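To start, the structure itself, in structure tokens.
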There are 2 protein chains.
Amino acid sequence: MAEVPYCPMEVANRVFGGKWKPGILFRLVERSYRFGELKRDMPWISERVLIRQLKELVEDGIVHREDHRQVPPRVVYSITEHGRTLAPLLKSMADWGDLHFEATTRCTS
Amino acid sequence: MAEVPYCPMEVANRVFGGKWKPGILFRLVERSYRFGELKRDMPWISERVLIRQLKELVEDGIVHREDHRQVPPRVVYSITEHGRTLAPLLKSMADWGDLHFEATTRCTS
DNA sequence: TCCCTTACTGACAAAATTGTCAGTACTTTA
DNA sequence: TAAAGTACTGACAATTTTGTCAGTAAGGGA
């Protein structure tokens, strides 16, 4: 199959697309979270997956990870400056989701 | 695992997320396309997958499918009025993708 | 008659993503 | 001595998404 050329859509999609990243970022834009807090706040994501998503976001420079090196561990995740540029986009997505939800449920149910 | 509650992010993500939908929609916001045109314009998506994505978009009321009932077939896809509400969001995504691409390639390569 | 065209379908395979389960480290509290 | 707490990791399984391949219909042209 032909090679995929550079596409900004692909870039954006790779960085904050996926099943859970938008939701995670939506929270982190609001405030910092300890790992356990985030986990309890989104119990429908398995711990393993949450860790992986956070790791990818950290690698992409969207999220900052701060390990306080305590026992028991205390690790705090926060949005980076660069990640914050996603805020309006995330807001638009959520708004559109609401719009679409209302538009599609008004007549069918 | 806990049930996923209603989340506008999930809704938006389900409708226009995925590997190819943003790219397809980005094109359809510009103009209408015959199936074959779209296929040639994005040769990196397999025909089968392109059809499936379009079908889902049609089911979600984002894209309109018009079959001219000719032989050989002539099927034209266009964005619906509702789908058009995604336009600014798609633009923001593409813009952010560019921004991120430049931010991440400036120093690392 | 044979081949071309176009949009599409079904069966299936490969790959990517998501999820489960059992641990680990080290300190505090009982 | 035992248990609890926290943020993880590794091995592996299930699921979802994506991709491949071989068809099909039906008219037109050589």
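What you see is a predicted model; the values in this text were computed from it and never measured. Residue numbers begin at 1 in each chain, while the letters A, B, ... track the order of the sequences.
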Evaluate the side-chain proximity of B:Val11 to A:Thr104: yes if any heavy-atom separation is below 4.5 Å, no if none is. no
Where along nucleotides 22-30 of chain C does protein come under 4.0 Å, by heavy atom, of base (B) or sugar-phosphate alone (S), with - for untouched nucleotides? ----BS---
Non-neighbouring partners of A:Val58 that pass side chain to side chain contact (heavy atoms under 4.5 Å, CB included), sequence neighbours left out: A:Val63, A:Arg65, A:Tyr77
B:Lys21/B:Glu56 salt bridge by N-O under 4.0 Å criterion: yes
Can we say B:Arg74 and B:Asp67 salt-bridge, meaning some charged N sits less than 4.0 Å from an Asp/Glu carboxylate O? no
Tell me, yes or no, whether the heavy-atom count around B:Glu30 atom CD, taken from other residues, nucleotides or ligands under 6.0 Å, exceeds 12. no
Rounded to whole Å, please give me the gap between CZ in B:Arg74 and C1' in D:dA26. 17 Å
Check the distance between D:dA7's P and A:Asp67's CG and give it to me in whole angstrom. 10 Å
Protein-nucleotide distance (B:Ile51, atom CD1; D:dG19, atom P), rounded to Å: 13 Å
Check nucleotides 13-18 of chain D for protein N or O atoms closer than 3.5 Å to its own N or O atoms and list the pairs.
residue : atom : partner : partner atom : Å
D:dT18  : OP1  : B:Lys19 : N            : 2.9
D:dT18  : OP2  : B:Gln53 : NE2          : 3.4

Starting from A:Trp44, can I reach A:Phe26 by hopping between I/L/V/M/F/W/Y residues whose side chains sit under 4.5 Å apart? yes
Per-pair distances, 0.1 Å, donor-acceptor, side chain in residues 92-101 of chain B, under 3.5 Å, sequence neighbours excluded:
residue  : atom : partner : partner atom : Å
B:Ser92  : OG   : B:Pro88 : O            : 3.0
B:Asp95  : OD1  : B:Lys91 : NZ           : 3.3
B:Asp95  : OD2  : B:Lys91 : NZ           : 3.0
B:Trp96  : NE1  : A:Thr85 : OG1          : 2.9
B:Asp98  : OD1  : A:Tyr6  : OH           : 2.6
B:His100 : ND1  : A:His82 : NE2          : 2.7

Any sub-3.5 Å donor-acceptor pair from A:Glu37's side-chain atoms to A:Arg34's backbone N or O? yes
ring-ring contact (aromatic ring centres under 6.0 Å, His included) filter on B:His64, not counting sequence neighbours, yields none
With the threshold set at under 4.0 Å for non-hydrogen atoms, list the residues of residues 26-42 of chain B touching DNA chain C in residue-number order. B:Arg34, B:Phe35, B:Gly36
